[in-house]
Asks: 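Handing you this structure, nothing more for now.
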Amino acid sequence: MKRPDPEALSDFFRSHIFNADRTDVTAFEKAVEEFYRRFDTEFDQRKYNEIGVQIHRIVREPYVIEEQGGQDEGIRQVNTLENITTIYFCFLQNPEAELSFTLWGDIEEKPFFAYSKAELLDFFEFRFRRFSKFLIR
């Protein structure tokens, strides 16, 4: 089962399922945050807060890798479907500036979400050197 991103969850919470009893749910960000807190063990915002980062949203989109065999192999085409994950975030000390980075496939995404605090600091310092002063050490 595909894990929903914050945008998909927000749409879901706005749907008729939650508004069937005519109760207006307006705190969508809080609902998304609560969903991840309760049900999604892969993402924990507190871990990122500890290094000074606020994740705004995580967008997963499929991409296809097309490979063609050489002339000796005849013509063959292999399509591999992977996900490209874009993470939009800000540094807590600079909340008005949204930044993003991309993780290609499970090979980059799974380790990122499993990083320790020290590994996350290294990751953000390496990718966003000029903003490293915003990170908590």
Side-chain angles (χ1 to χ4, degrees):
M1 181 175 176
K2 183 183 173 213
R3 191 171 69 119
D5 62 30
E7 290 171 358
L9 282 176
S10 184
D11 288 344
F12 178 61
F13 291 133
R14 288 185 171 117
S15 72
H16 70 282
I17 295 167
F18 284 93
N19 293 311
D21 62 354
R22 303 289 181 233
T23 304
D24 288 334
V25 178
T26 55
F28 300 114
E29 285 182 21
K30 206 122 177 90
V32 169
E33 182 182 317
E34 182 65 11
F35 173 88
Y36 283 126
R37 190 183 69 73
R38 288 189 186 186
F39 304 113
D40 189 354
T41 58
E42 198 172 342
F43 180 78
D44 183 1
Q45 178 59 55
R46 289 171 299 186
K47 183 167 77 168
Y48 301 93
N49 287 349
E50 287 178 358
I51 65 163
V53 170
Q54 169 70 46
I55 304 290
H56 289 169
R57 63 192 183 284
I58 300 169
V59 179
R60 285 184 185 83
E61 299 173 305
Y63 74 93
V64 177
I65 299 171
E66 295 181 2
E67 301 173 12
Q68 292 186 343
Q71 289 180 346
D72 295 341
E73 300 174 27
I75 297 175
R76 70 177 177 86
Q77 187 170 338
V78 178
N79 293 330
T80 307
L81 185 63
E82 283 274 357
N83 281 322
I84 178 173
T85 303
T86 305
I87 299 179
Y88 297 88
F89 74 98
C90 72
F91 292 102
L92 295 177
Q93 294 183 37
N94 190 20
E96 63 279 351
E98 185 176 72
L99 301 166
S100 68
F101 59 90
T102 300
L103 303 170
W104 291 88
D106 288 344
I107 198 163
E108 287 189 3
E109 182 180 349
K110 286 184 180 182
F112 175 79
F113 287 113
Y115 281 162
S116 67
K117 180 180 172 181
E119 290 169 324
L120 282 173
L121 275 168
D122 287 346
F123 176 88
F124 281 98
E125 283 181 341
F126 179 74
R127 287 217 178 178
F128 300 94
R129 288 179 200 87
R130 67 183 205 183
F131 297 102
S132 62
K133 65 184 177 199
F134 296 136
L135 294 168
I136 300 168
R137 287 174 185 60

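Remember, predicted model here, so these are calculated numbers, not experimental data. Along the sequence shown, residues are numbered consecutively beginning with 1.
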Asks: Verify the ring-centre separation between F124 and F101: is it less than 6.0 angstrom?
Replies: yes
Asks: Taking all non-hydrogen atoms of both residues into account, name the closest pair between L92 and Q54 and its distance.
Replies: CD2-CB, 3.7 Å
Asks: Assess whether a salt bridge exists between E125 and R130, defined as any Lys/Arg side-chain N lying under 4.0 Å from an Asp/Glu carboxylate O.
Replies: no
Asks: I'd like to check E61 versus N83 (side-chain heavy atoms, cut-off strictly below 4.5 Å). Are they in contact?
Replies: no
Asks: Taking the side chain as C-beta and beyond, is there a heavy-atom pair between I84 and L103 under 4.5 Å?
Replies: no
Asks: Contact between F91 and L135 at the side-chain level, heavy atoms closer than 4.5 Å - yes or no?
Replies: yes
Asks: Please answer: with hydrophobic residues joined when any side-chain heavy atoms are less than 4.5 Å apart, are F131 and V53 in the same cluster?
Replies: yes
Asks: If every non-hydrogen atom of Y88 is compared with every non-hydrogen atom of S100, which pair is closest and at what distance?
Replies: CD2-CB, 3.6 Å
Asks: Cluster question for you: counting only ILVMFWY and a side-chain heavy-atom cut-off of under 4.5 Å, with indirect links fine, are F112 and F128 together?
Replies: yes
Asks: Would you say that H56 contacts E98 through its side chain, given a criterion of any heavy-atom pair below 4.5 Å between the two side chains?
Replies: yes
Asks: Considering non-hydrogen atoms only, spot the tightest contact between I51 and K117 and give its length.
Replies: CG2-CG, 3.5 Å
Asks: Nearest heavy-atom pair of P95 and C90: which atoms, and what distance?
Replies: CA-SG, 3.7 Å
Asks: When you measure from the side chain of E109 to the backbone of G105, do you find a donor-acceptor pair of N or O atoms at a distance under 3.5 Å?
Replies: no
Asks: Is there a side-chain contact between K110 and F113 in this structure, where contact means two heavy atoms from C-beta onward sitting under 4.5 Å apart?
Replies: no
Asks: Of the non-hydrogen atoms in R60 and T85, which two are nearest, and what is the gap between them?
Replies: CG-OG1, 3.5 Å
Asks: Would a single hydrophobic cluster contain both V59 and I55, if residues Ile, Leu, Val, Met, Phe, Trp and Tyr are joined by side-chain heavy-atom contacts under 4.5 Å?
Replies: no
Asks: Do Y115 and L121 touch side chain to side chain, with heavy atoms closer than 4.5 Å?
Replies: no
Asks: Could you check whether R127 makes a cation-pi contact with F123, meaning its NZ or CZ is under 6.0 Å from the centre of the six-membered ring and within 45° of the ring axis?
Replies: no
